[in-house]
A.B. asks: 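Structure below; questions to follow.
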Amino acid sequence: MIIDTNVQPHFRYNAEIRRYLPAAHKLRSIPDVEQQWYQAPRGNYREDLYGEHYPGSDPATVARHLFDDAGADYAVLNPLTRGNIADYLLNSRICAAVNDWLLDRWLEPDATNRFRGTIRVNPEDPKGAVAEIERLAAHPKLVQVGVPLQSREPYGKPQFEPIWEAAAAHGLPVAVHINGGNGVDYAPTFAGHAGTYPGYAAFMPLNYFVHLATLIVEGTFGRHPNLRFVFADGGYDILTPLMWRLDTFWLSMRDQTPWVDRYPSDYLPDHVRFCTSSFDGPTDPGQTQRWMEFSGKSGLLMYGSGYPHWSTCSAEDAVAGLNSAQRDDVLWRNAADLYGLTALAEGSHR
């Protein structure tokens, strides 16, 4: 079984999003999906996908690539919005438009019943984000809430908590993913902007750890035992040393965080998941099984192809070097658990 947990569908053309915007916002300036500071060599998407359709924009083509060619049983769609836009109300309307488009073009017409979707929300508009979750949470094909990795503040800060509370109340994980089509972007490193794409790609996932650490240290996970976060852009190869460091400081200064009632690393199994990345892991496949057991990564990691990006990761590459139990965990079991796709175990699609 294979569940692909990280697929980014796209609009066929930039103007298509305007069909789903309220009249008051149809004429507003909206960044293009590829208008961002850092461009991957030869483009952001797989070279073979440029052609009749914009990469990732045709449901039939995407279904053929993921289900027929790559053998996935389910695909979780997490569309990009337009990045961080200074006008937070416009940003929220764009998120709602993306959600309506995802339902209208991808989820409702899906005769295969294999696509699942994401409710995109704007974390800089907590009230609007909660309203959007309440509007769509009951839809059976929407299985998580999506927010950008780039953020003005770490996600453990109290202003975001109403969003996480609403997601947890509906049993929806929160997926954190680098966004595209950026309007106003934040530096990908703590000390400013990288000069090249390799610098951007290497440093950007470090931001997830800031979110993760504050969700633990600020007590968010402790207050919301059903809250789950999915970090979809890799970076899990740095998880173990950073969690060891966090554990050490917590142990030495427990009086400052009395609400954190266990080692920070002990929160991971109940609250955190990662999607695979073609960049992460040991270079020697012979070390992969042992490496996966550091910080219990085999129970935290879910296969995500990253389709249609240039760094798309195949299922076989994602589990190279793993034993059979670890392969099952990564390819489907962890995702089936998280998203309630337990029918996979019986070999049918729910």
Side-chain angles (χ1 to χ4, degrees), residues 1-6 74 76 78 143-147 149 155-156 164 167-168 171-178 205-217 220-222 224-247 250 260 262-282 287-306 313 315 317-342 344:
M1 296 296 178
I2 299 173
I3 301 176
D4 189 341
T5 60
N6 188 24
Y74 288 101
V76 179
N78 188 4
V143 297
Q144 64 184 7
V145 173
V147 295
L149 180 65
Y155 283 146
W164 318 146
L172 297 171
V174 178
V176 184
H177 194 285
I178 294 173
L206 285 169
N207 289 273
Y208 91 74
F209 191 78
V210 178
H211 294 312
L212 172 58
T214 60
L215 286 162
I216 296 171
V217 173
T220 310
F221 285 156
H224 303 284
N226 296 323
L227 179 61
R228 307 287 186 272
F229 263 72
V230 177
F231 295 99
D233 283 298
Y236 49 91
D237 53 347
I238 60 174
L239 176 68
T240 297
L242 290 175
M243 288 307 300
W244 283 347
R245 186 175 179 85
L246 191 60
D247 281 353
W250 169 81
V260 181
R262 70 199 83 165
Y263 278 103
S265 58
D266 288 345
Y267 285 91
L268 296 177
D270 291 336
H271 295 281
V272 180
R273 297 294 181 269
F274 294 89
C275 296
T276 57
S277 167
S278 56
F279 302 117
D280 290 359
Q287 300 296 323
T288 305
Q289 290 184 33
R290 182 166 178 262
W291 176 84
M292 281 289 283
E293 293 313 315
F294 286 127
S295 304
K297 284 192 285 287
S298 61
L300 306 179
L301 190 58
M302 307 183 297
Y303 169 61
S305 66
C313 178
D317 287 344
V319 296
L322 301 183
N323 62 41
S324 59
Q326 291 171 333
R327 289 171 63 94
D328 283 348
D329 284 346
V330 173
L331 289 179
W332 70 271
R333 187 177 288 120
N334 293 337
D337 238 17
L338 185 70
Y339 296 118
L341 300 174
T342 50
L344 273 178

A.B. asks: Any side-chain heavy atom of Leu149 within less than 4.5 Å of one from His211?
C.D. replies: yes
A.B. asks: If you measure from OG on Ser324 to CG on Leu331, what distance do you get to the nearest 0.5 Å?
C.D. replies: 11.5 Å
A.B. asks: Check side-chain contact (heavy atoms from CB on, under 4.5 Å) between Val143 and all other residues, then give those that pass, not counting sequence neighbours.
C.D. replies: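 In terms of side-chain contact (heavy atoms from CB on, under 4.5 Å), with neighbours along the sequence ignored, Val143 is linked to Val76, Arg116, Tyr339.
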A.B. asks: Please give me the minimum heavy-atom distance between Asp270 and Arg262, naming the atom from each residue.
C.D. replies: OD2-NH1, 4.3 Å
A.B. asks: Please list all pairs passing the salt bridge (charged side-chain N to carboxylate O under 4.0 Å, His left out) test where one or both residues lie in residues 320-332, with sequence neighbours left out.
C.D. replies: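 Passing the test, one end in residues 320-332: Glu316-Arg327, Asp328-Arg333, Asp329-Arg333.
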A.B. asks: Would you say that Phe209 contacts Met243 through its side chain, given a criterion of any heavy-atom pair below 4.5 Å between the two side chains?
C.D. replies: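 In contact.
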A.B. asks: Does Asp247 reach the side chain of Trp250, with side-chain heavy atoms less than 4.5 Å apart?
C.D. replies: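 The answer is no, as the side chains (C-beta and beyond) never meet within the 4.5 Å cut-off.
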A.B. asks: So Leu246 and Val217, do their side chains get closer than 4.5 Å, heavy atoms only?
C.D. replies: yes
A.B. asks: For residues Asn207 and Val176, determine if any side-chain heavy atom of one lies less than 4.5 Å from a side-chain heavy atom of the other.
C.D. replies: no
A.B. asks: Partners of Asn78 by side-chain contact (heavy atoms from CB on, under 4.5 Å), sequence neighbours excluded?
C.D. replies: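 Result, side-chain contact (heavy atoms from CB on, under 4.5 Å) vs Asn78: Gln8, Thr118, Arg120, Gln144, Ala175, His177.
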A.B. asks: Please find the pair of heavy atoms, one from Ala336 and one from Ile3, that lie closest to each other, and give the distance.
C.D. replies: N-CD1, 3.6 Å
A.B. asks: Nearest 0.5 Å, what's the OH-CZ distance between Tyr236 and Arg273?
C.D. replies: 14.5 Å
A.B. asks: In sequence, state the C-alpha distance, the side-chain angles, and the governing distance for Val230 and Leu338, and then conclude on side chain to side chain contact (heavy atoms under 4.5 Å, CB included).
C.D. replies: CA-CA 10 Å; Val230 177; Leu338 185 70; 3.6 Å; yes
A.B. asks: Working to the nearest 0.5 Å, report the span between CD of Gln326 and CG of Asn334.
C.D. replies: 11.0 Å
A.B. asks: If I compare all heavy atoms of Gly171 with all of Pro173, which pair ends up nearest, and what's the gap?
C.D. replies: O-CD, 3.6 Å
A.B. asks: Between Phe221 and Leu227, does a side chain to side chain contact (heavy atoms under 4.5 Å, CB included) hold up when you go through it step by step?
C.D. replies: CA-CA 7 Å; Phe221 285 156; Leu227 179 61; 4.0 Å; yes
A.B. asks: Does the side chain of Val272 come within less than 4.5 Å of Leu215's, by heavy atoms?
C.D. replies: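 Leu215 vs Val272: side chains apart.
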A.B. asks: So, using side-chain contact (heavy atoms from CB on, under 4.5 Å) as the criterion, who are the partners of Val210 when residues are at least two apart?
C.D. replies: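 Once residues adjacent in sequence are excluded, the partners of Val210 under the side-chain contact (heavy atoms from CB on, under 4.5 Å) criterion are Pro154, Phe190.
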A.B. asks: I need the Tyr303 OH to Ile2 CD1 distance, nearest 0.5 Å.
C.D. replies: 7.0 Å
A.B. asks: Looking at Thr220 and Gly156, what are the two nearest heavy atoms and their distance?
C.D. replies: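 Here Thr220 and Gly156 meet closest at OG1-O, 3.5 Å.
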A.B. asks: Just to verify, what does Asp266 make a side chain to side chain donor-acceptor pair (under 3.5 Å) with, not counting sequence neighbours?
C.D. replies: none
A.B. asks: Please name all residues satisfying ring pair (Phe, Tyr, Trp, His ring centres under 6.0 Å) with Tyr208, sequence neighbours left out, ordered by chain then number.
C.D. replies: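 Expected list: Phe231, Phe274.
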A.B. asks: For residues Gly304 and Cys275, report the shortest heavy-atom separation together with the two atoms involved.
C.D. replies: CA-CB, 4.5 Å
A.B. asks: List in chain and number order the residues that pass side chain to side chain donor-acceptor pair (under 3.5 Å) with Asn226, two or more places apart in sequence or in another chain; answer none if no residue qualifies.
C.D. replies: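 Residues passing side chain to side chain donor-acceptor pair (under 3.5 Å) with Asn226: none at all.
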A.B. asks: Only counting residues at least two apart or in another chain, list the ones meeting side chain to side chain donor-acceptor pair (under 3.5 Å) with Ser305.
C.D. replies: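 Expected list: Asp4.
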A.B. asks: Please answer whether the main-chain N or O of Ala232 pairs with a side-chain N or O of Asn6 as donor and acceptor at a distance below 3.5 Å.
C.D. replies: yes
A.B. asks: How long is the gap from CG on Asp237 to OG on Ser277, to the nearest 0.5 Å?
C.D. replies: 8.0 Å
A.B. asks: What orientation do Trp164 and Tyr155 show, parallel under 30°, tilted 30 to 60°, or perpendicular over 60°?
C.D. replies: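 The arrangement is perpendicular - the two ring planes meet at more than 60°.
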A.B. asks: How long is the gap from CG on Leu239 to CG on Leu300, to the nearest 0.5 Å?
C.D. replies: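 The CG atom of Leu300 is 7.0 Å from CG of Leu239, to the nearest 0.5 Å.
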A.B. asks: Looking at residues at least two apart in the chain, or sitting in another chain, which of them share a ring pair (Phe, Tyr, Trp, His ring centres under 6.0 Å) with His224?
C.D. replies: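 Residues passing ring pair (Phe, Tyr, Trp, His ring centres under 6.0 Å) with His224: none at all.
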